[in-house]
2 protein chains.
Amino acid sequence: MATVRSHAEHEPVPKTAEDPRDRILLAAGQEFAEHGYEAATVRDICLAAGVNVAAVNYYFGDKRRLYIESVKHAHEARVKQVPLPDWPPGTPAAQRLHDFVANMLERMLGFSQPPWQVRLMMREVLHPTDACRELVEDYIRPHFAVLVAILDDLAGHTLAEPELRRIALSIIGQCFLYRAAGDVVAMLVPADELASLHTPPQLAAHVTRYALAALGVGRPLPGKERIP
Amino acid sequence: MATVRSHAEHEPVPKTAEDPRDRILLAAGQEFAEHGYEAATVRDICLAAGVNVAAVNYYFGDKRRLYIESVKHAHEARVKQVPLPDWPPGTPAAQRLHDFVANMLERMLGFSQPPWQVRLMMREVLHPTDACRELVEDYIRPHFAVLVAILDDLAGHTLAEPELRRIALSIIGQCFLYRAAGDVVAMLVPADELASLHTPPQLAAHVTRYALAALGVGRPLPGKERIP
DNA sequence: AGTTGATTGAAACGCCTGTTTGAAACAGGC
DNA sequence: GCCTGTTTCAAACAGGCGTTTCAATCAACT
């Protein structure tokens, strides 16, 4: 629950002579991502940023505006960090679906390490604030449209848009669970299984196979064939 | 001194809303669900419960223990409120899968309206605290086991446990998305479509069909609904 | 009645919060 | 040097927080 705040939780942001404004933005993003808006304190943020408490109000006015700015900052950084694949024309839809899912999982779970930017955005998704609408329009909706287009190709343009959207949400939901409820998933699945099967690449393969089978494009899930 | 409640057996059966302890528990659950642990205040809780501020510490010791108790209380209430179906022996696995999904969606989204108990539990799932492990063991894991067993039947016992668990998580993830990220879903889907297709019964049919198709038990998605 | 122990109540205690203050430090142009 | 504008700093502010105190109240038993 972490009501007691450890003040040494994050090492102070390196004072590499950057703009104090940027240092605050960076520290604030990490702090907000970790503790949420209410529980994060401007004192901890300033401590991590290596600036005086007054700096937040000097540069951003108040805590709320600092929060909004840091969400936008994080979101822009993350978009540049993990862009969508750029498929050459003629790439099979199944391949594109797999790449898309792998990309989404990579962005959410992170091959390298769970990035604080995603945590911050996840908070917005789960409990929207003013910054959320911008996030959806600039970042989520375009990705959603790409996925719908892939599914449309995959189904041979036989399904209506609403049905495509439902399938798209089914795919997103599967990835989303691991990001949002990862701790609970870890409690439900044996540790060794978690380490071997619930990694981004394995999950991408599973989700893709699941979708292809459901669409009748691939075979049913592994193993024996069944009589309908 | 923190006096623990002496003996529940000697009191003349608490008249539901008259027991201060229960009133606090009720108010606390709603307040925690709405604002989260950190942002909820014991003063607001006591105001809503119509008791003195000191009552929280008198009955529960401190805020944290009140929180844990209220989570457990809400969880127990919700389980009794929407219990799992009790299938007669011989019920087809496909039927049971549909019922299970419908039950889960009903519990999460609420046929009537999203109850505060679910919000409270969702907070625990998304950002686990001490109360989470208990929640998983008492409530989530048994449900998870039921789903896995259904899928095992459905696959004709041809799939290994880890694979069954992955499929189960895929199903849960689809329901979970609507509960946890419902606001964003509402932004991505046209309003009329949301009202007609993204209702608990419609979603239950979709998720079930999706799973059956993936398992090769039903036809691929373009087909018609198989479950009554 | 009187005594006892469990509950309640209003007020206060520290502590921590976001924010403000006013002076000090710094820069660059004259 | 002086002046001017921007940036930093320690300190303080007012308010809210969880928690504690202690006297008052209540219910039940002797």
Side-chain angles (χ1 to χ4, degrees), chain A residues 1-9 12-29 31-32 34-71 129-130, chain B residues 1-15 17-29 31-32 34-71 129-131:
Chain A
M1 188 167 320
T3 42
V4 182
R5 311 290 308 284
S6 158
H7 289 266
E9 207 159 314
V13 169
K15 305 171 186 173
T16 48
E18 256 189 280
D19 242 338
R21 213 186 116 97
D22 284 345
R23 288 213 313 273
I24 295 175
L25 230 32
L26 190 65
E31 212 68 27
F32 283 136
E34 188 69 24
H35 305 288
Y37 176 77
E38 317 261 9
T41 73
V42 309
R43 276 181 171 81
D44 284 350
I45 290 170
C46 291
L47 185 72
V51 302
N52 190 269
V53 257
V56 157
N57 300 83
Y58 179 77
Y59 283 105
F60 297 94
D62 58 13
K63 186 186 178 183
R64 173 142 243 119
R65 267 173 288 180
L66 167 61
Y67 175 74
I68 294 177
E69 286 301 311
S70 71
V71 169
T129 72
D130 301 338
Chain B
M1 69 195 82
T3 322
V4 190
R5 192 172 169 69
S6 53
H7 272 330
E9 50 196 344
H10 277 195
E11 6 190 337
V13 176
K15 306 275 201 299
E18 295 207 351
D19 195 354
R21 212 187 118 98
D22 285 346
R23 287 213 311 274
I24 295 174
L25 231 31
L26 189 67
E31 212 68 26
F32 284 135
E34 188 67 24
H35 302 107
Y37 176 78
E38 318 261 8
T41 74
V42 309
R43 278 181 170 83
D44 284 350
I45 290 170
C46 291
L47 187 71
V51 300
N52 191 269
V53 261
V56 155
N57 300 83
Y58 179 75
Y59 282 107
F60 298 95
D62 57 14
K63 184 187 181 185
R64 171 172 307 217
R65 267 173 288 180
L66 167 61
Y67 174 75
I68 294 176
E69 285 302 310
S70 71
V71 169
T129 72
D130 299 338

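Every value quoted in this text rests on a predicted model; they were computed, and no experiment measured them. So that the names make sense, note that chain A is the first sequence line, chain B the second, and so on, each numbered from 1.
Listed here is the closest heavy atom pair of A55(A) and I24(A): CB-CD1, 3.8 Å. The two residues E69(B) and R21(B) have their closest heavy-atom pair at OE1-NH2, 4.0 Å.
Between the CG atom of L66(A) and the P atom of dG18(C) there is a distance of 11 Å, rounded to whole Å. Atom pair E38(B):CD and dC17(D):C1' shows a separation of 12 Å (rounding to whole Å applied). Between K63(B) atom NZ and dG16(D) atom P there is a gap of 16 Å when expressed in whole angstrom units. Distance L47(B) CG to dG16(D) P: 14 Å, rounded to the nearest Å. Rounded to whole angstrom, the span from the CZ atom of R64(A) across to the P atom of dT17(C) amounts to 18 Å. The nearest whole Å value for the distance from the CD1 atom in I45(B) to the C1' atom in dG18(D) is 11 Å. If you take CZ of F60(B) and C1' of dT20(D), they are 18 Å apart, rounded to a whole angstrom. Distance, D62(B) CG to dC15(C) P: 18 Å, rounded to whole Å.
Counting only heavy atoms from C-beta outward, the side chains of R64(B) and D130(B) approach each other to under 4.5 Å. The shortest side-chain heavy-atom distance between N52(B) and Y58(B) does not fall under the 4.5 Å cut-off. By the 4.5 Å heavy-atom criterion applied to side chains, V56(B) and K63(B) are not counted as neighbours. When side chains are defined from C-beta on, I68(B) does not count as touching F60(B), because their heavy atoms never get closer than 4.5 Å. You'll find the side chain of L25(B) reaches within 4.5 Å of the side chain of L66(B), heavy atoms only.
Here A39(B) lies out of heavy-atom contact (under 4.0 Å) with every strand.
Of the listed nucleotides (dG18(D), dG18(C), dT20(D)), dT20(D) has the atom at the smallest distance from the side chain of N57(B).
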Identify the pairs formed between an N or O of the protein and an N or O of nucleotides 23-25 of chain D at a distance under 3.5 Å, and give each distance.
none

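Y37(B) and Y67(B) have perpendicular rings, their planes meeting at more than 60° on a 0 to 90° scale where under 30° would count as parallel.
The side-chain contact (heavy atoms from CB on, under 4.5 Å) check on A48(B) picks up A27(B), with sequence neighbours excluded. Take R65(A) and apply the side chain to side chain donor-acceptor pair (under 3.5 Å) test, not counting sequence neighbours, and it matches D62(A). Qualifying side chain to side chain donor-acceptor pair (under 3.5 Å) partners for D22(A), counting only residues two or more places apart in sequence or in other chains: none.
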Pairing string of DNA chain C (Watson-Crick or G-U wobble, both atom distances under 3.5 Å; | = paired to other strand) is ||||||||||||||||||||||||||||||
Going 5' to 3' through nucleotides 6-12 of chain D and flagging B where a protein heavy-atom sits under 4.0 Å of the base, S where only the sugar-phosphate is that close, and - otherwise, we get SBBBB-B
